[in-house]
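One structure below.
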2 protein chains.
Amino acid sequence: MWNRFHIVGNLDMLCTEPQRRCRVSAIGDVARLAGVSKSTASRALSGRGYVSDATRERVVQAAADLGFVVSSNAASLVTGQTRNVGVVIPFINRWFFAEVLDGIESALISSGYDLTLYRLSPDAEQRRRVFDYFLVRKRVDAVIAIGIELTAREVDQLRSLGKPIVGLGGPIEGIPTVNIDDVDVARMATELLINLGHRKIMHLGGDLDEQMDFRVHAQRLSGFRLAMSAAGLDSDDNFRAVPFDIPGGYEGALKVLADPRQRPTAIVAGCDEVAVGVIVAARQLGIQIPSQLSVVGIDGHSLAPMFGLTTFEQYPSRQGSTAASIILETLAGTDQGEAPRELRRTMPVSLAVRGSTTAPASEDRGTKSRRASRERP
Amino acid sequence: MWNRFHIVGNLDMLCTEPQRRCRVSAIGDVARLAGVSKSTASRALSGRGYVSDATRERVVQAAADLGFVVSSNAASLVTGQTRNVGVVIPFINRWFFAEVLDGIESALISSGYDLTLYRLSPDAEQRRRVFDYFLVRKRVDAVIAIGIELTAREVDQLRSLGKPIVGLGGPIEGIPTVNIDDVDVARMATELLINLGHRKIMHLGGDLDEQMDFRVHAQRLSGFRLAMSAAGLDSDDNFRAVPFDIPGGYEGALKVLADPRQRPTAIVAGCDEVAVGVIVAARQLGIQIPSQLSVVGIDGHSLAPMFGLTTFEQYPSRQGSTAASIILETLAGTDQGEAPRELRRTMPVSLAVRGSTTAPASEDRGTKSRRASRERP
DNA sequence: TTGTGACATGGAACCGGTTCCCGACGGAGG
DNA sequence: CCTCCGTCGGGAACCGGTTCCATGTCACAA
């Protein structure tokens, strides 16, 4: 058996039996070195309960000498808290998701929490496994779901384990979520173009059938349609579904802009990446932006300034830290999991006007703009 | 106190005291329901040791009835294994790192391992905290360091805890690493242009002073210089440091390409993102690619095909899964941590030739090309 | 018949902390 | 002088599993 006295004061690994894992100092060793009991050592190190200053100092010194660090496993076992949050995410290598993850990570780490990452693939089997096998094992205190629509079963599963959940990127039935108003932002983007006088406006957005989209595509399309019909500009043929990235926007725009006769004067892109693709395609086709084609995006992507893209900026990283804060507050709250206030926190967006938008050429100018100029004295 | 008999057969949470955390069924409950001892239940569920088929079936059924899941904390406490790997990474929202992370995550999860993510900021204090506070707490079995040069102290710290480490993105003193040969790939990229006949070649690469670059910038520059001096094309003024992203390449190229007299005929970009920025800038300046300017990149970024970029492709996601495999093998090996074979696994790259490279216009044609054509009969 | 070994199971120690409970001590107040 | 209370510290239970060890059964070979 291990003789603990061999350990005291010795920082090196002692592997008397190479087969067995090496022992590192435990709180008992610290206690012995400091000449106190385990319970006092625990109190001294965790700061809970009464410990005299002199004793605390001795214990802290002993812990430092031994290079002691608590075993979070042992602590979790008894406290029931892991100080670890699970993050479920469909993509890592997409701008929005990477930014969100970044924000969450920063917020969690600065509160002393770990982040355990689960990428959820569209594969239902893999998804079930994550929920049944991983998230459930008392490994995480809470779960943040990014851009994923949890099923009622999944929510129940986590909630019955007393784990708070926060959604990000769209509403989830019955749990607090952080998101922007995707319908509204698309409506505003469209209205921006309408107010500039555009009439032939197209929307290049994400595929509605794509899994894991959390209805963002559908909502932005819906906002577009809302604005268009409010301006009396309904049409069957003003939406085109493209992959939600730069090449998607590029390929889509090449097709949409091919025929000069049917070319729109403005495009509402489903996201900034699509918008950038559109701009690249337009430049390649020799179409001047914005004089021949206005483009507006949604996101506030880091490429927007370089391409002079007018866009409605959301701040995914801030959304991430907000979600993390909600989780941390919930965990800190005494009412742990009880009545998680049905908060749907809608984050603000802001408009960054750049060079990709202007009024259309006079022959394309719409009624609204004409009226506006007529009304002016 | 909790009366366990109340729990048996009841799937719902029982919170007799709302203040205290809710109990979920433990292995003792399963054992009691199945009419066996804890030890037998443990053996039945984990598959270790002798259990008759009939008994195993009863236990499994009981566990299913109770919705039992093991507490990984309790299991880790006694086995000393967490089935969790820590990943340390400097950026989440950059293509290379996101791809690597993706690869690691897939590999780990399919082996039943969790991934705990630590973003290391350049802030030394934060970095120390991650190592002293987080990584050390027996929370992870191993560490993968991506694009980060660990100090000797950090390596010792982890190793003295018996935790295997694997580096990715460059060599780390004394630990196995996965990477491509950054010197060589830059040399090959440069030689590609030289062999096409270019003489006025510039390198737009990353800032050498940038922290967290893991000497990738320096190595690629060095490969470029190697190729240039081998071809007798040394020059003081053929390198420009730019931010290692698309806007960085764009801004850098705008300056480099501004003066038509001193314009290079070809550019070796430090990475594909810089290359894309260069192409965008060139197009904007009306410079034809490749007839007036050849561009070659390094990475195999997803935007490369769209921009017709000739590039040397590395596969970060595959590098990530390779790193994960090494870790998993090491953990599975009996010699746990002992003599981690000093493997430096260099991953292959492959050349994808697209439209961004060609021979220079005749007046710019270099000696090598001339010589080559002269040597031909 | 008895020894042997594979199989099956229960009891109990153990992992490394936290926390409850209790006792001790010392100064203040009645 | 006796309580009482605030402070301090130790002993022991406990969290929820895993694993060692002992016990027992049964089949089979000697």
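All figures in this text were calculated on a predicted structure; none of them were measured in a lab. To find a chain, count down the sequence lines: A is the first, B the second, and so on, and within it residues start at 1.
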Gap between atoms [atom1] and [atom2], on [X] and [N] respectively (whole Å):
| X | N | atom1 | atom2 | result |
| --- | --- | --- | --- | --- |
| B/Leu45 | C/dA8 | CG | P | 16 Å |
| A/Gln81 | C/dG16 | CD | P | 22 Å |
| B/Asp29 | D/dG16 | CG | P | 9 Å |
| B/Lys38 | D/dC20 | NZ | P | 16 Å |
| B/Arg139 | C/dC15 | CZ | P | 21 Å |
| A/Asn73 | C/dG17 | CG | C1' | 10 Å |
| A/Asp53 | D/dC8 | CG | P | 8 Å |
| A/Arg48 | C/dC20 | CZ | C1' | 14 Å |

Just call it for [X]: base, sugar-phosphate, or nothing, with non-hydrogen atoms closer than 4.0 Å on any strand.
| X | value |
| --- | --- |
| A/Ser72 | nothing |
| A/Ser52 | sugar-phosphate |
| B/Val30 | nothing |

**OP:** By nearest nucleotide on DNA chain C, pick out whichever of A/Ser39 and B/Thr55 is the more 5' one.
**Re:** B/Thr55
Identify which nucleotide among [options] has an atom closest to any side-chain atom of [X], counting heavy atoms from C-beta outward.
| X | options | result |
| --- | --- | --- |
| A/Leu77 | C/dG16, C/dG17, D/dT18 | C/dG16 |
| B/Ala26 | C/dT18, D/dG16, D/dT18 | D/dG16 |
| A/Arg43 | C/dT9, D/dG10, C/dT18 | D/dG10 |
| A/Ser71 | C/dG11, C/dG16, D/dG17 | C/dG16 |
| A/Val36 | C/dT9, D/dT19, D/dG10 | D/dG10 |

Original post:
Any side-chain heavy atom of A/Arg159 within less than 4.5 Å of one from A/Ile175?
Top reply: yes
**OP:** Using five pairs at either end of the helix from C/dT1-D/dA30 to C/dG30-D/dC1, determine the angle between the two local helix axes and round it to 10 degrees.
**Re:** 60°
So, [X] versus [Y]: side-chain donor-acceptor pair below 3.5 Å or not?
| X | Y | result |
| --- | --- | --- |
| A/Ser37 | A/Thr40 | yes |
| B/Thr55 | B/Ser52 | yes |
| A/Asn84 | A/Thr116 | yes |

Original post:
Can you check salt bridge (Lys or Arg N to Asp or Glu O under 4.0 Å) on B/Asp114 and B/Arg83, steps first, answer last?
Top reply: CA-CA 6 Å; B/Asp114 285 343; B/Arg83 296 189 75 78; over 6 Å; no
**OP:** Respond yes when some side-chain nitrogen or oxygen of B/Thr40 is under 4.0 Å from OP1 or OP2 of C/dT9, and no when none is.
**Re:** no
Original post:
Does a side-chain N or O from B/Tyr50 land closer than 4.0 Å to OP1 or OP2 of C/dC7, or not?
Top reply: yes
Subject >> A/Arg32 bridged to A/Asp29 by N-O distance under 4.0 Å >> reply: yes
Subject >> Matching residue for B/Phe131 among B/Thr151, B/Leu150, B/Val143 - test: side-chain contact (heavy atoms from CB on, under 4.5 Å) >> reply: B/Leu150
**OP:** For salt bridge (Lys or Arg N to Asp or Glu O under 4.0 Å), just list the numbers for A/Asp141 and A/Lys163, CA-CA rounded to whole Å, side-chain angles, deciding distance to a tenth of an Å, and then say yes or no.
**Re:** CA-CA 6 Å; A/Asp141 288 339; A/Lys163 301 199 188 307; 5.7 Å; no
